[in-house]
Amino acid sequence: MDQPTFAQAHRALEADETSCEELVSSFLDRIDEKDDELNAFTTVDRDGALNHARYLDSQRERGNPRPLSGLVLAVKDNICIRGYPVSCGSKMLKDFSSLYDASVIERLRDAGAIFIGKTNCDEFAMGSSNETSHFGPVRNPHDTDYVPGGSSGGSAAAVAAGLCHAALGSDTGGSVRQPSAFCGVVGLKPTYGRVSRSGLVAFASSLDVIGPMANSVEDVATLLNVIAGEDPNDSTSAPVEVPDYTDALTGEVEGLRIGLPDEYFTEGLDEDVRQMVRDRVATLEDRGADVQRISLPHTEYGIATYYLLATAEASSNLARYDGIRYGYRADLKETKESLRERREEMKSELATARTKGDDDRVAELEAQLDEEQRALDALYTRTRSEGFGDEVKRRIMLGTYALSAGYYDKYYEKAQRVRTLIRHDFDQAFEDVDVLVTPTTPTPPFQLGEKTDDPLEMYLNDIYTVTANLAGIPGLSVPIGVHPEDGLPVGLQLLGAHFDEALLLQVGDAITQSS
Ligand code: GLN
């Protein structure tokens, strides 16, 4: 597959062999040619992208190039770009447009990036196959009978099919790394707090992070240089200095201490995937790395812990979609005016009637209020029943259950405790090793429809990725070739200590350069 990189485009621009406009046009042509089948984009902004490209070209002619001039970027449809739709793959937000730019978008725009469109994803980023999107599934460009992974499947497919240089995804439990592995591209989940979440539609706020996806480690590093760093609009963004990530790409692995966690190479792991990862580790060893086995004993609780905490946070975050302020609203006559406001007015009138002792008026208002309450409840219920898809509803129910009185201690609080244990496992591991190597996923991509009837099967696909989100550490997936049986991409995951993205990129670059 022809996989363009920004680094190549940048060189061609510097040598005046191409222009930003030409780059955008050629991606638009490829989108026309391929995206009917792939369904990677929910919106393509032809005019906006071309106009911005022309503007950047005029700036270049005046001797004002920007660091990312000519970088053509696709953005997952749960990240806000002002004036663009931000559907989150849901009917609930189908006709909603962003009112502001996410902080990462502001930074990228200032640096000269061109946004070519928004990419399809699992509904509210919940899924591992991109089959839960209201806009239909995305297909894997390597074989369209197969899923591209999820939830950032549109971003991964667009990068792999050469429909853009790079893309942004979001990763709550693996949604950048798993689709990157399935589509044969590079994807980084930064440390929690490394990249601002301002303008990322919330799924599970203590786990969510925006991450770059591209056809080379170098491009991912270039993007991280721009999007990393503290942001006053996100109180969880960390005041930690941002190094130059491209400087880290030295190709060096001499003396590097690599840990292979036993728990990531057990039952359920495809034999060929295991072998492919092992082979890469052997190459690193030949080049001077020191490899040792280690244990992360609480790994087995990762999936259960993740699916309790992520659903609990989602049930709370998604409460805002009630048909009142924005998004989809069920078509009920009673919704003509704001029901909530009307009720407030009636309540104050009722209070006055009570003070005055006007019993008839009190009875009348009470009856009206009851009716209004029923109408409001019907509006919420119908809006949410019609606006959310099955997977989102399943998660809201699971999360509400885990948070409800009587179950909170048993499930939610316990899961928080296990989360701490998982984090301690990693802290301990990084006392002995610099980086961990694991497969990104237990199997190569599966076929469309293969796991849709069995949510647990689907959740198990995240077994190697959710732990990094629970611990808040960074994870990078790099492509390591194709599976011998079906010829589909396989990814290797590198996990590092908090804020050690530079090391992951260094090792990821060494691995991909040697292939
Ligand atoms: N596949 C996982 C889930 O369904 C992860 C999703 C994500 O990272 N957004 O929750």
Side-chain angles (χ1 to χ4, degrees), residues 75-79 88-90 119-133 137-138 147-156 167-183 187-192 195 197 200-213 302-315 317-318 388-399 402 415 419 440-443 445-446 450-452 454-477 491 493:
V75 177
K76 186 177 181 178
D77 209 9
N78 62 352
I79 299 171
C88 296
S90 182
T119 51
N120 202 347
C121 57
D122 278 302
E123 187 177 4
F124 284 101
M126 298 174 188
S128 312
S129 65
N130 223 303
E131 292 167 293
T132 72
S133 169
V138 176
V147 304
S151 63
S152 316
S155 291
L168 293 181
S170 68
D171 193 311
T172 304
S175 280
V176 162
R177 290 159 289 157
Q178 187 254 19
S180 294
F182 277 12
C183 291
L188 175 73
K189 172 229 170 298
T191 306
Y192 184 79
V195 174
R197 289 183 296 115
L200 166 67
V201 178
F203 163 7
S205 310
S206 79
L207 303 159
D208 296 341
V209 56
I210 293 174
M213 302 156 90
I303 288 281
T305 307
Y306 169 80
Y307 276 94
L308 274 166
L309 296 179
T311 57
E313 292 187 30
S315 73
N317 273 327
L318 271 61
F388 289 135
D390 287 348
E391 183 59 27
V392 172
K393 285 184 204 158
R394 176 164 26 245
R395 307 256 181 140
I396 291 174
M397 284 192 277
L398 284 169
R419 179 178 190 173
T440 308
T441 58
T443 62
F446 43 91
E450 203 179 313
K451 294 185 199 265
T452 37
D454 189 346
L456 272 185
E457 252 307 285
M458 190 72 90
Y459 297 171
L460 281 171
N461 210 262
D462 304 329
I463 195 153
Y464 303 142
T465 50
V466 294
T467 44
N469 300 76
L470 291 168
I473 59 171
L476 177 72
S477 180
Q493 177 177 237

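One-based numbering, in listed order, for ligands and for the atoms of each.
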Which ligand 1 atoms are under 4.0 Å away from a heavy-atom of [X]?
X      : result
Asp171 : 8 (O)
Tyr306 : 2 (C), 3 (C), 5 (C), 6 (C), 10 (O)
Gly173 : 5 (C), 7 (C), 8 (O)

Ligand 1 N/O within reach of [X] N/O, cut-off under 3.5 Å:
X      : result
Gly150 : no
Met126 : no
Thr172 : yes
Ser170 : no
Phe203 : no

**Message:** One pair to check against side-chain hydrogen bond (donor to acceptor under 3.5 Å, both in side chains): Asp122 and Ser151. What are the steps and the verdict?
**Reply:** CA-CA 5 Å; Asp122 278 302; Ser151 63; 5.1 Å; no

Heavy atoms only, cut-off 4.0 Å: how does [X] contact ligand 1, side chain, backbone, both, or neither?
X      : result
Lys189 : neither
Ala125 : both
Tyr459 : neither

How close do [X] and [Y] get, heavy atom to heavy atom, and via which atoms?
X      : Y      : value
Ser133 : Asn130 : CB-OD1, 4.1 Å
Pro190 : Val195 : CG-CG2, 3.8 Å
Thr440 : Ser477 : OG1-OG, 2.9 Å
Gly169 : Ile79  : O-CD1, 4.1 Å

**Asked** Would a line drawn from the ring center of Phe124 to the ring center of Phe203 be shorter than 6.0 Å?
**Response**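 They do not qualify: ring centres at least 6.0 Å apart.
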
**Message:** Just by distance, no angles: are the side chains of Lys76 and Ser152 close enough, under 3.5 Å, to form a donor-acceptor pair?
**Reply:**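 Checked: Lys76/Ser152 side chains pair up, N/O donor to acceptor below 3.5 Å.
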
**Message:** Can you check which of Asp208, Thr132, Leu207, Asp462 brings a heavy atom nearest to atom 2 (C) of ligand 1?
**Reply:**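 Residue with the shortest heavy-atom distance to the ligand atom: Asp462.
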
